[in-house]
Amino acid sequence: MKSSIEIQFQDQLNSYPAGATPNDIIDTVSVKNRSDIVAAEINGRPVDLTTPLTESGTLDLIVVDSAKGLDILRHSSAHIMAQAVKELFPEVKVTIGPSIEDGFYYDFDVFRPFTPEDLEKIESRMKEIVKSRLPFRRKVMSRDEAIRYFEETGETYKVEIIGAIDAEDVTLYSQGEFTDLCRGPHIPNSGFVKAFKLMKVAGAYWRGDERNRMLQRIYGAAFPSKEKLKKHLDLIEEAKKRDHRKLGKELDLFSILDEAGPGMVIWHPKGALLRYLVEDFERKEHLKRGYELVVGPQILKRELWEKSGHFENYRENMYFTNVDEIDYGIKPMNCLAHMLIYKSRIRSYRDLPIRYFELGVVHRHEKSGVLHGLLRVRQFTQDDAHILCTPEQLNDEILNIINFVRDVMGIFGFEYTMELSTRPEKSIGTDEDWDRATNALKKALLDLGVEHEINEGDGAFYGPKIDIKLKDALSRSWQCATIQCDFTLPERFGLTYVDKDGERKRPVMIHRVVLGAIERFLGVLIEHYAGAFPLWLAPVQAVVMTITDRHDAYARDLKQRLDENNVRVELDDRNEKIGFKIREARNRKIPYMLVVGDKEIEENRIGVRKRGQDNTVSMTVDEFVSQFDNEVKSRL
RNA sequence: GCCCACGUAGCUCAGUAGGUAGAGCACUUCCUUGGUAAGGAAGAGGUUCACCGGUUCGAUCCCGGUCGUGGGCUCCA
């Protein structure tokens with residue numbers, strides 16, 4: 001080993017004895033906000049401030065407020081929680097505890113699940129640990145030595161983890177009496193944890209596999225300051241107000257009732273109208289883009305599902321019924337009927353691409369634990385289309401769909417992420433077809449320069465797919481649009497077209513949805529707008545409200561005129577004060593409040609108060625209708 | 001499906017060493033005719049506290065089970 005190393009640090013190149021730590025180096029210069037520095041990087045590799053440096057290079061500091069710094073802070077918080085848990089419950093086994101967005105979690109194998117009271121105790125103990133400013137000590141050990149250590153301490157999960165590590169040495173971190181296997185780096189001492197809160201306990205399978213033992217996971221939030229933690233908690237509170245389940249009730253959009261069945265949505269008039277508006281928009285957008293509307297039956301013979309592979313691969317999610325001693329499967333997807341329509345006559349290459357669109361109602365038997373408001377239900381309507389095209393047309397079709405999705409998401413103002421999912425274990429079709437399909441999707445994403453992640457093994461059983469995900473109020477991701485390439489079903493159903501050369505050839509099929517499930521999309525949409533729908537989507541666009549019953553006749557006339565001009569308007573002529581009516585309309589997030597009183601009648605005008613504004617503008621009915629129409633047209 | 005928590009009037013929630021249940025809003029009626037975020041009064045409303053069992057003289061409250069909801073895990077539009 002060299003006796004000295006050259007370190008570039010803050011515009012200075014200096015020589016230090018080998019084994020100098022970042023702390024030593026920082027001490028040689030004046031650094032501001034010393035207490036914000038949680039770790040360092042040597043040549044881009046994160047290290048503790050106390051790690052002896054053995055190589056020359058560039059030293060950078062990691063401050064707590066940076067992405068890397070937060071990650072370290074939260075990861076160290078997880079260690080502190082594990083320490084507290086081990087002190088309070090020595091019999092638990094520790095497993096893993098990473099940092100996550102806004103905080104951290106740690107999974108424990110326990111004999112008895114944690115109670116809310118346990119959480120309080122753990123949190124108190126953590127506060128004591130933080131107060132005592134215990135240093136995080138790093139130790140390098142050989143694998144064998146580490147395995148022996150964890151075997152002795154009974155930490156069998158750690159032994160298993162080390163078994164999977166492919167390195168000579170591993171590192172262990174200790175604070176107080178607690179030692180954990182960890183790559184690091186960590187904060188210098190537990191006192192750096194300024195603000196944290198244990199949020200919830202949950203079950204989680206070891207290694208995320210449901211065949212494994214269920215562990216107890218504790219989630220915590222951690223931030224560099226109390227203010228930031230409070231801001232985070234306030235944000236969660238605000239997000240809860242946007243919850244579509246809460247708004248669905250408040251705005252009387254829908255209900256999901258125990259007595260009707262879990263995962264079955266009952267749409268009330270306002271919600272059904274919202275659905276209608278979105279579906280109407282969808283039909284028009286599809287017709288514009290060369291799709292044809294089709295409708296398939298709700299149940300199809302079981303043999304057909306056997307032929308398609310659904311019976312083999314998707315049966316556990318399907319409902320079945322028997323009519324006249326014939327077995328039927330209730331459709332969980334819409335593709336079968338679409339293929340039958342294609343097959344109903346001979347197709348020429350001139351006919352392709354054929355694009356069948358259906359707002360198809362499907363049933364899927366989702367596991368009870370996954371149901372979630374409108375976002376995960378058992379009966380839903382997909383804005384589903386199946387495109388049959390030649391292999392040469394495939395790429396263009398995929399590009400068109402991605403652009404379609406982009407347009408629509410733009411109209412609703414959504415941000416989204418895209419993912420490419422590849423072949424799962426349970427699947428049908430040849431490797432060659434899967435490669436072709438996967439490459440077609442990849443190429444389209446590349447051609448459009450779309451950023452995307454890869455989800456290995458997450459494709460549908462019949463083909464790979466591009467998924468577009470939207471986030472709900474609590475920033476949980478939900479898959480909405482999806483584009484799936486399929487060479488297998490056309491094969492299984494013997495779909496063909498006659499090509500230029502007179503030969504019968506196999507078309508390629510694309511399964512795709514844009515909004516995904518109307519239910520899920522509306523759930524996310526409600527949260528996106530926090531219930532304040534833009535004018536074109538608002539189930540009730542305006543409320544005419546009277547000051548007193550002297551104004552009822554004028555108000556009724558006004559309502560009728562607006563009805564005639566396609567304004568979705570209600571009349572509030574109740575025996576209530578105007579303040580009461582305004583308040584209620586505000587709470588219902590009605591876009592326009594139209595006040596009529598003596599003044600308005602005298603001038604033959606209306607007092608227009610727009611959602612989000614406190615002032616009232618006087619206008620004629622014509623002026624209002626014209627402003628209204630413009631706003632609807634521009635989908636503001 | 002698995003882990004934890006929860007399940008009281010239409011809604012939001014209170015409640016009790018275990019002694020047959022309460023508020024606000026909403027609803028109905030009456031008074032009030034009031035100009036931009038809640039006018040006033042009265043009344044009705046729970047087959048009695050999700051359901052089924054058990055303990056007990058007696059259970060909404062304790063115990064067990066079922067169903068559902070919420071938060072996660074797994075899975076997925």
> Under 4.0 Å between any heavy atoms, over every strand shown, what does A:Q216 touch: base, sugar-phosphate, or nothing? Just pick one.
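A:Q216: backbone/sugar contact only, no base atoms under 4.0 Å.
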> Please determine if a side-chain N or O atom of A:K249 lies less than 4.0 Å away from the OP1 or OP2 oxygen of B:U12.
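Yes, because at least one side-chain N or O of A:K249 sits under 4.0 Å from OP1 or OP2 of B:U12.
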> Do A:H310 and A:F461 have their ring centres less than 6.0 Å from each other?
yes
> Within less than 4.0 Å of OP1 or OP2 of B:G71, is there a side-chain N or O belonging to A:H372?
yes
> Within less than 4.0 Å of OP1 or OP2 of B:U69, is there a side-chain N or O belonging to A:R245?
no
> Pairing donors with acceptors under 3.5 angstrom, does anything connect the side chains of A:R556 and A:Y554?
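A:Y554 and A:R556 do not have a side-chain donor-acceptor pair below 3.5 Å.
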> Mind checking whether A:F380 and A:F521 have ring centres under 6.0 Å apart?
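Distance test on ring centres: not under 6.0 Å, no.
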> Contact class for A:V513 vs. all strands (heavy atom < 4.0 Å): base, sugar-phosphate, or nothing?
nothing
> Can the ring centres of A:H75 and A:F104 be said to be less than 6.0 Å apart?
no
> From NZ of A:K599 over to P of B:G35, roughly how many Å is that when rounded to an integer?
11 Å
> What's the closest nucleotide to the A:P113 side chain, out of B:G71, B:C4, B:C73?
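Side chain of A:P113 sits closest to B:C4.
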> Assess A:R289 against A:Y291: is NZ or CZ under 6.0 Å from the centre of the six-membered ring, and within 45 degrees of the ring's axis?
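Judged by the rule (NZ or CZ under 6.0 Å from the ring centre, within 45° of its axis), A:R289 is not positioned above A:Y291.
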> Ignoring backbone atoms, establish whether A:S368 has a side-chain N or O less than 4.0 Å from OP1 or OP2 of B:G1.
yes
> Below 3.5 Å, does any donor atom in the side chain of A:R550 face an acceptor in the base of B:U33, or the other way round?
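No such pair is found, so the answer is no.
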> Both distances under 3.5 Å, Watson-Crick or G-U wobble: on that basis, could you give the dot-bracket string for RNA chain B, with [ ] for crossing pairs and | for other-strand partners?
(((((((..((((.....[..)))).(((((.......)))))......(((((..]....))))))))))))....
> List the steps and the verdict of side chain to side chain donor-acceptor pair (under 3.5 Å) for A:H338 and A:E358.
CA-CA 9 Å; A:H338 295 194; A:E358 175 175 9; 2.7 Å; yes
> Determine whether the aromatic ring centres of residues A:Y529 and A:F412 are separated by less than 6.0 angstrom.
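Distance test on ring centres: not under 6.0 Å, no.
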> Scan A:G369 against the nucleic acid and name what it touches under 4.0 Å (heavy atoms): base, sugar-phosphate only, or nothing.
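Since a base atom lies under 4.0 Å of A:G369, the category is base.
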> Spell out yes or no: do the side chain of A:R376 and the base of B:C75 have one donor N/O and one acceptor N/O closer than 3.5 Å?
yes
> So what does A:E366 hit on the nucleic acid, given a heavy-atom distance under 4.0 Å: a base, only sugar-phosphate, or nothing?
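Base, at least one base atom sits under 4.0 Å.
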> Using a heavy-atom cut-off of 4.0 Å across all strands, would you classify A:D458 as base, sugar-phosphate, or nothing?
sugar-phosphate
> From the set B:U69, B:G72, B:A77, return the single nucleotide nearest to any side-chain atom of A:Q484.
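Taking heavy atoms from C-beta onward, the closest nucleotide is B:A77.
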> Counting only side-chain N and O atoms of A:R476, is one of them less than 4.0 Å from OP1 or OP2 of B:G72?
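It does, given that an N or O in the side chain of A:R476 lies less than 4.0 Å from OP1 or OP2 of B:G72.
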> I want to verify a distance call: between B:C3, B:A77, B:U36, whose nearest atom is closest to the A:I578 side chain?
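Selected nucleotide (nearest to the side chain): B:U36.
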> Taking the side chain of A:N575 as its heavy atoms from C-beta onward, which of B:A38, B:U32, B:A77 lies nearest to it?
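Of the options given, the side chain of A:N575 lies nearest B:U32.
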> Give a yes/no verdict on base stacking between B:G39 and A:F580: centres under 5.5 Å, planes within less than 30° of parallel.
no
> What I want to check is whether an N or O donor and acceptor connect the side chain of A:E600 with the base of B:G35 at under 3.5 Å.
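Answer yes: a donor N or O sits under 3.5 Å from an acceptor.
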> Establish, from distance only, whether the side-chain atoms of A:W206 and A:D107 form a donor-acceptor pair under 3.5 Å.
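The answer is no; no qualifying pair exists.
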> Please confirm whether the shortest side-chain N or O distance from A:Y592 to OP1 or OP2 of B:U36 is below 4.0 Å.
no
> For the side chain of A:Y205 and the base of B:G72, is some donor closer than 3.5 Å to an acceptor across the two?
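In this structure, the two groups form no donor-acceptor pair.
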> Can you figure out which of B:U74, B:C76, B:U36 approaches the side chain of A:R520 most closely?
B:C76
> It should be established whether A:K200 places a side-chain nitrogen or oxygen under 4.0 Å from OP1 or OP2 of nucleotide B:G70.
no
> For a quick check of understanding: with a heavy-atom distance under 4.0 Å over all strands, which category does A:G208 fall into, base, sugar-phosphate or nothing?
sugar-phosphate
> Heavy atoms from C-beta onward define the side chain here; which of B:C73, B:A77, B:G71 lies closest to that of A:Y219?
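Nearest listed nucleotide: B:C73.
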> Decide whether A:H386 and A:N334 meet the rule of one side-chain donor and one side-chain acceptor closer than 3.5 Å.
no
> For B:G70, does the base pair up with any side-chain atom of A:D243 as donor and acceptor (N or O, under 3.5 Å, distance only)?
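Per atom types, no contact qualifies.
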> Check every atom of B:C76, B:U36, B:U33 against the side chain of A:T616 and return the nucleotide holding the closest atom.
B:U36
